[in-house]
Protein chains: 2
Amino acid sequence: MLKNLTERRKQRNWSLQETADQLGIAKSTYAGYESGYRTPSLLSLAEIADLFETTVDSLIGRESTKQERIEITDLNLSPYQLSLDQQLLSSDEIIDIIAFLRTKRTLKSSE
Amino acid sequence: MLKNLTERRKQRNWSLQETADQLGIAKSTYAGYESGYRTPSLLSLAEIADLFETTVDSLIGRESTKQERIEITDLNLSPYQLSLDQQLLSSDEIIDIIAFLRTKRTLKSSE
DNA sequence: GAAATAGTCCGCGAAACGCGTATGTCTATT
DNA sequence: AATAGACATACGCGTTTCGCGGACTATTTC
């Protein structure tokens, strides 16, 4: 069940047919998504998100977790960049931090 | 095709079986997602995103245009927490990082 | 009212899913 | 060498769900 799909479309004054045409699918298919009778393929879902300028997470109603955990080793896979004193951390600095922290944690655990 | 699914799992040192168990699906099903041979249902996809603490958009490779900058000195004011190897950084560790990096930067700039 | 437009519902054939099972690889043990 | 266990990969089946075209209904326009 996609969230607010009808509202998004109506805000743009698009008909079911116009919207379906833009997505390259049948009108009845698109209508099925709005009514919840059908679930789009992932590809279609991404296209719908593009068309309505939103995220897939938003369309499927996934709440953004309040306290978001960022794994330092995954930084390059994430949409985040760390900075210190307004200066972005270089990848070398990130590597240094990882090594530094791991060393500290090893020493700490052997006490 | 889900992005970096294998890498995400391996970083957590989970086997295919463990991961599938957490998701409540068959191992071969989960393996199919990693290899790209199968596409999960939306419900499963949301669960996978939850498990790996990421967004569906990220999993399907929709680029988030936001490259969000996180200032380390402001971490306690932000909705983010940093972790290393799945273990949250303590406030002492954050302080250590700040000191460590500032020292490195000072040395670097005096060369 | 008639015609055009927009929205809803249905059932079919095709596609894709989740599953259990079989097989392969690697490591450790006997 | 043979065996066992853990993990990963591949396959094919039955079931489910999809996208589609078209029929039908509702709304708008003239």
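Keep in mind that what you see is a predicted model, and the values were worked out from it rather than measured.
Atom CD1 in A:I48 sits roughly 9 Å away from atom P in D:dG19 (whole-Å rounding). Across the protein-nucleic acid pair, B:Q17 atom CD and C:dT21 atom C1' stand 13 Å apart, rounded to whole Å. Computed from coordinates, the A:L43 CG to D:dG19 P distance equals 10 Å when rounded to whole Å. Put simply, CH2 on B:W14 is 19 Å from C1' on D:dA6, counting in whole angstrom units. Per the geometry, CD belonging to B:E34 stands 14 Å off P belonging to C:dG18, to the nearest Å. Between B:L16 atom CG and C:dT25 atom P there is a gap of 16 Å when expressed in whole angstrom units. Between A:L23 atom CG and D:dC20 atom C1' there is a gap of 15 Å when expressed in whole angstrom units. Here D:dC18 presents its P atom at 6 Å from CZ of A:R38, a figure rounded to the nearest Å.
Of the N and O atoms on the side chains of A:S15 and A:Q17, not one donor lies less than 3.5 Å from an acceptor on the other residue.
With DNA chain C read from its 5' end, the first of the two nearest nucleotides for B:G24 and A:Y37 is the one closest to A:Y37.
Within the structure, the side chain to side chain donor-acceptor pair (under 3.5 Å) test picks out the following pairs touching residues 22-33 of chain B (sequence neighbours left out): B:Y30-B:E34.
For the OP1/OP2 pair of C:dG18 and a distance below 4.0 Å, the side-chain nitrogens and oxygens of B:S28 include no atom meeting the criterion. The shortest distance between the side-chain N/O atoms of A:Y33 and the OP1/OP2 oxygens of D:dG19 is below 4.0 Å. For A:S41 and C:dA16, the shortest distance from a side-chain N or O to OP1 or OP2 is not below 4.0 Å. Taking 4.0 angstrom as the limit, A:T29 places a side-chain polar atom (N or O) nearer than this to OP1 or OP2 of D:dC20.
Residue B:S35 is out of contact with every strand shown, counting any heavy-atom pair closer than 4.0 Å. Backbone-only engagement by A:I25 is indicated by non-hydrogen atom pairs under 4.0 Å involving sugar-phosphate atoms exclusively. When heavy atoms are screened at a 4.0 angstrom cut-off, B:Y30 is found touching no nucleic acid atom at all.
Cluster annotation: A:L23 and B:I60 are assigned to the same hydrophobic cluster (Ile/Leu/Val/Met/Phe/Trp/Tyr, side-chain heavy-atom contacts under 4.5 Å, transitive).
We find that A:R105 and B:E93 are joined by a salt bridge, their nearest charged nitrogen and carboxylate oxygen being less than 4.0 Å apart. With salt bridges taken as basic N to acidic carboxylate O contacts below 4.0 Å, one links B:R62 and A:D50.
Side chain A:K27 to base C:dA6: no donor-acceptor pair is found below 3.5 Å.
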